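Everything quoted here is computed from the prediction, not taken from an experiment. Throughout, residue positions are numbered sequentially from 1 according to the sequence presented.
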Amino acid sequence: MAGEGAGVGGDGRQRLLAARNAYTRTVSPHYDEVLHHVAHRARGEGSPGKADIGALLPWKRLRADTRWAGALLAVADAEARQATAAAVAAVRDPSLSRSAAARAGRAALSGLPGFTSGDALASAVLTAAAPDHMAVYDRRAHAGLRSLGIPLPHSRGRYSRYIDVIDRLLAAAPDPVRTWTPRETDTALSCLPSLSPAPPSA
């Protein structure tokens with residue numbers, strides 16, 4: 001299983017705390033406003049539409065001058081909402097574990113242009129759908145896990161494994177890390193690669 005145990009030692013915990021502090025110091029408190037707005041609309045409407053997905057593109061710093069973006073625009077908003085409504089229902093399903101919910105939500109989006117491969121945009125939509133339960137995935141967060149010695153294979157099902165690793169990482173951590181949301185955890189992970197590596201043990 002990816003990240004078996006997903007535990008980190010004292011040095012790893014200190015690096016996570018330092019990375020989270022670095023994020024809160026260097027990133028504007030207004031940065032997540034777009035995510036919060038999309039989440040608010042998703043709560044009210046139950047299904048993010050194409051405009052919501054479009055709003056998440058610059059927030060996630062993804063390019064829109066791509067074939068998939070044009071293909072997504074050619075899909076009826078009602079059709080896009082069928083997929084996102086299924087994803088929202090999955091990640092909010094209280095009967096599912098968080099990783100199972102992530103797997104079902106990611107699968108629901110997979111038929112839309114831009115969501116067939118890669119997890120960055122899909123994870124943003126799923127996090128907007130369930131802000132307290134899902135986390136944003138990107139290459140920086142992946143590198144952060146790797147810097148902690150936690151492997152995450154790139155094979156199919158990566159996003160649900162990512163959520164599972166975060167769950168187990170939090171469960172094994174002391175306060176205050178244990179009380180972080182998955183979103184707070186992904187922000188710390190994304191900053192880890194920019195920090196100096198932990199010094200070797202004596």
* **Cluster overlap V75 with F115, hydrophobic side-chain contacts below 4.5 Å** => no
* Asked: Looking at CG of L109 and OG1 of T116, how far apart are the two atoms once the value is rounded to the nearest 0.5 Å?
  -> 11.5 Å
* **Least distance between heavy atoms, K60 atom then A124 atom** => CD-CB, 4.4 Å
* To do: Determine yes or no for a side-chain-to-main-chain donor-acceptor pair under 3.5 angstrom, with R15 supplying the side chain and L148 the backbone.
  => no
* Structure fact -> Hits for salt bridge (charged side-chain N to carboxylate O under 4.0 Å, His left out) against D32, two or more places apart or cross-chain, chain-then-number order -> R183
* When you measure from the side chain of D77 to the backbone N and O of G49, does any donor-acceptor pair fall under 3.5 Å? -> no
* To do: Measure from the side-chain N and O atoms of D138 to the backbone N and O of A141, and report whether any donor-acceptor pair falls under 3.5 Å.
  => yes
* To do: Identify the heavy atoms of A80 and L112 that sit nearest to each other, and give their distance.
  => CA-CD2, 3.9 Å
* Measure the spacing between OG of S117 and CZ of R158 and express it to the nearest 0.5 Å. => 9.0 Å
* Asked: Any chain of hydrophobic side-chain contacts (each under 4.5 Å) joining L16 to I163?
  -> yes
* May I ask you to decide whether R168 forms a salt bridge with D164, counting only side-chain N to carboxylate O separations under 4.0 Å? => yes
* **With sequence neighbours excluded, residues passing side chain to side chain donor-acceptor pair (under 3.5 Å) with E45** => R81
* Asked: Could you state the interatomic distance from OG1 (T179) to CD (E184), rounded to the nearest 0.5 Å?
  -> 7.0 Å
* Donor-acceptor side-chain pairing of R140 and S194 below 3.5 angstrom -> no
* R20 and T187: side-chain donor and acceptor closer than 3.5 Å? -> yes
* Are L189 and V27 joined in one hydrophobic group, where the rule is that I, L, V, M, F, W and Y side chains link up if heavy atoms are under 4.5 Å apart? -> yes
* **Nearest atoms (heavy-atom pairs only) where A87 meets L126** => CB-CD2, 3.8 Å
* Taking the side chain as every heavy atom from C-beta outward, state whether D186 and W180 have any atom pair closer than 4.5 Å. => no
* Asked: In the single-linkage hydrophobic clustering (I, L, V, M, F, W, Y; side-chain heavy atoms under 4.5 Å), do L121 and V88 co-cluster?
  -> no
* Structure fact -> In terms of heavy-atom contacts, A104 and A90 come closest through CB-CB, 3.7 Å
* Asked: Looking at residues at least two apart in the chain, or sitting in another chain, which of them share a side chain to side chain donor-acceptor pair (under 3.5 Å) with S28?
  -> none
* **Separation between NZ of K50 and OG1 of T84, rounded to the nearest 0.5 Å** => 12.0 Å
* Say whether L170 and Y23 are linked into one hydrophobic cluster, either directly or through other cluster members, by side-chain heavy-atom distances under 4.5 angstrom. => yes
Give the table of side-chain donor-acceptor pairs shorter than 3.5 Å for residues 33-44, with sequence neighbours excluded, one pair per line with atom names and distance.
from	atom 1	to	atom 2	distance (Å)
E33	OE2	H30	ND1	3.1
H37	ND1	E33	O	3.4
R41	NE	D52	OD1	2.6

* Do other residues, nucleotides or ligands put more than 12 heavy atoms under 6.0 Å from the CZ atom of R139? -> no
* **Residue pair A129 / V91: nearest heavy atoms and the distance that separates them** => CB-CG2, 3.8 Å
* Asked: Who pairs with Y137 by ring pair (Phe, Tyr, Trp, His ring centres under 6.0 Å), at least two apart in sequence or on another chain?
  -> H142, Y162
* Structure fact -> Sorted by chain and residue number, the ring pair (Phe, Tyr, Trp, His ring centres under 6.0 Å) partners of H133 (sequence neighbours excluded) come out as none
* Structure fact -> Note: S160 and A102 closest approach over all heavy atoms is CA-CB, 4.0 Å
* **Side-chain (R161) to main-chain (P153) donor-acceptor, under 3.5 angstrom** => yes
* Structure fact -> d(I166 CD1, L145 CG) to nearest 0.5 Å is 6.5 Å
